[in-house]
Amino acid sequence: MNGSHRCGETIIQFANKLYPTFPQTKSLAKSSSSRHSGVWLVPDSCAQAYSDKYHPVVLRDKSNIKTIDSSNILNFGKSKGRTYDDVLIYPVGSVRKWLSNHEQDLKEQTCSRFYVAVTRARYSVGIVLPDKEANQLNDIYQVWENTFE
């Protein structure tokens, strides 16, 4: 059986979409209904408030990607093998396109790097998108607003 003790079920289900032809990974992690969890799109205008509230590790593909102010920012590659309760991801353009259409091809390296970023989280993954893009995908994903929780 292909299982993960790190990530909750929602995170694993999302990560499995990156590799639909591979055997599906199952979550073996204990869930917690008393805390923020799941996969969220975070409008760019709400990213700092999200970080202030949940204190995620901020993950980005490369150091030249602009992020919120945080003392805990890592490139995807540096996060490999690590576990964090919550992560906030700044995806590259092709991943942003994939979020709206999972038939969109991702380059192998882009896909694997994003998979690593997503699966670092134990409880929650926030994915930062421009406000308009995040709100256009609210029928597919949960969109975090500062008024939640």
Side-chain angles (χ1 to χ4, degrees), residues 3-19 24-102 104 106-107 109-149:
S4 169
H5 290 279
R6 176 185 293 136
C7 307
E9 185 63 30
T10 305
I11 295 169
I12 287 297
Q13 287 176 4
F14 178 79
N16 282 336
K17 292 177 185 177
L18 286 160
Y19 293 101
Q24 299 296 284
T25 302
K26 303 281 186 208
S27 174
L28 305 174
K30 294 179 181 177
S31 63
S32 173
S33 61
S34 62
R35 77 172 322 280
H36 175 70
S37 64
V39 177
W40 297 82
L41 295 186
V42 179
D44 191 48
S45 65
C46 297
Q48 190 65 55
Y50 185 93
S51 179
D52 292 345
K53 187 165 193 159
Y54 303 114
H55 309 288
V57 172
V58 177
L59 301 176
R60 61 187 176 190
D61 192 50
K62 295 180 178 120
S63 60
N64 65 346
I65 294 175
K66 186 178 184 282
T67 68
I68 56 160
D69 290 331
S70 175
S71 61
N72 207 354
I73 300 172
L74 293 172
N75 290 353
F76 292 171
K78 292 286 185 187
S79 70
K80 190 170 182 171
R82 298 181 183 185
T83 301
Y84 305 102
D85 286 347
D86 307 284
V87 299
L88 184 63
I89 300 171
Y90 280 80
V92 295
S94 58
V95 172
R96 289 171 37 192
K97 290 177 185 173
W98 177 85
L99 288 167
S100 62
N101 176 6
H102 294 162
Q104 177 77 32
L106 289 174
K107 290 181 181 174
Q109 184 178 19
T110 301
C111 190
S112 64
R113 291 169 65 86
F114 185 60
Y115 183 89
V116 165
V118 167
T119 58
R120 297 310 90 203
R122 183 176 287 129
Y123 299 113
S124 74
V125 174
I127 302 170
V128 180
L129 294 177
D131 290 22
K132 185 176 180 181
E133 285 180 43
N135 291 322
Q136 287 175 340
L137 298 174
N138 68 357
D139 57 334
I140 303 171
Y141 303 100
Q142 300 179 96
V143 177
W144 189 85
E145 296 177 24
N146 198 17
T147 57
F148 285 155
E149 302 174 20

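Each residue takes its place number in the sequence, starting with 1. If you're wondering where the values come from, they're calculated on a predicted model, not measured in any experiment.
Checked against the 6.0 Å centroid threshold, Phe14 and Trp98 count as a close aromatic pair.
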- Task: Show your working on salt bridge (charged side-chain N to carboxylate O under 4.0 Å, His left out) between Asp86 and Arg35 and close with a plain yes or no.
- Result: CA-CA 11 Å; Asp86 307 284; Arg35 77 172 322 280; 3.1 Å; yes

- Message: Working note: Leu106 + Tyr115, criterion side chain to side chain contact (heavy atoms under 4.5 Å, CB included); need CA distance, chi angles, decisive distance, verdict.
- Response: CA-CA 11 Å; Leu106 289 174; Tyr115 183 89; over 6 Å; no

- Item | Stepwise side chain to side chain contact (heavy atoms under 4.5 Å, CB included) test for Ile12 and Lys26 | CA-CA 7 Å; Ile12 287 297; Lys26 303 281 186 208; 5.8 Å; no

- Item | Verdict with supporting geometry, Arg60 and Asn75, side chain to side chain contact (heavy atoms under 4.5 Å, CB included) | CA-CA 5 Å; Arg60 61 187 176 190; Asn75 290 353; 3.2 Å; yes

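Minimum interatomic distance between Gln24 and Tyr19 (heavy atoms only, all atoms of both residues): NE2-O, 3.7 Å. Pairing each heavy atom of Val125 with each of Val118, the nearest pair is CG2-O, 3.6 Å. Closest approach of Gly77 and Arg113 over heavy atoms only: N-NH2, 4.5 Å. Annotation for Ile127 and Pro91: closest pair CG2-CG, 3.7 Å, computed over non-hydrogen atoms. Between Ile11 and Gly38 the shortest heavy-atom distance is CG1-O, 4.3 Å. Shortest non-hydrogen contact noted between Val116 and Phe76 is CG1-O, 3.9 Å.
Here the NZ-SG distance, from Lys53 to Cys46, works out to 11.0 Å after rounding to the nearest 0.5 Å. Between Arg96 atom CZ and Asn101 atom CG the span is 15.0 Å, to the nearest 0.5 Å. Between atom OG of residue Ser45 and atom NZ of residue Lys132 there is a gap of 14.5 Å, rounded to the nearest 0.5 Å. Atom CD1 of residue Ile89 and atom CD1 of residue Ile65 lie 11.5 Å apart, to the nearest 0.5 angstrom. The distance from the CG atom of Asp131 to the CD atom of Glu145 is 10.0 Å, given to the nearest 0.5 Å.
Between Ser100 and Glu133, every side-chain heavy-atom pair lies at or beyond the 4.5 Å cut-off. In this structure the side chain of Ser124 never reaches within 4.5 angstrom of the side chain of Trp144, judged on heavy atoms. In this structure the side chain of Tyr90 reaches within 4.5 angstrom of the side chain of Ile68, judged on heavy atoms. Side-chain contact between Tyr54 and Leu88 is absent, with no heavy-atom pair separated by less than 4.5 Å. With contacts defined as side-chain heavy-atom distances shorter than 4.5 Å, the pair Lys66/Asp44 does not qualify. Within the 4.5 Å cutoff, the side chain of Leu137 has heavy atoms near those of the Leu129 side chain.
Side chain of Gln104 to main chain of Leu99: no donor-acceptor pair is present (N/O by atom type, distance under 3.5 Å, no hydrogens or angles). A donor-acceptor pair is defined here as one N or O able to donate and one able to accept, closer than 3.5 Å; no such pair exists between the side chain of Asn138 and the backbone of Val143. Put simply, the side chain of Arg120 gets close to the backbone of Arg82: a donor and an acceptor are under 3.5 Å apart. The main-chain N or O of Thr25 is found under 3.5 Å from a side-chain atom of Asn16 such that the two form a donor-acceptor pair.
Partners of Ser70 under the side chain to side chain donor-acceptor pair (under 3.5 Å) rule, at least two apart in sequence or in another chain, do not exist in this structure. For His55, there are no ring pair (Phe, Tyr, Trp, His ring centres under 6.0 Å) partners, not counting sequence neighbours.
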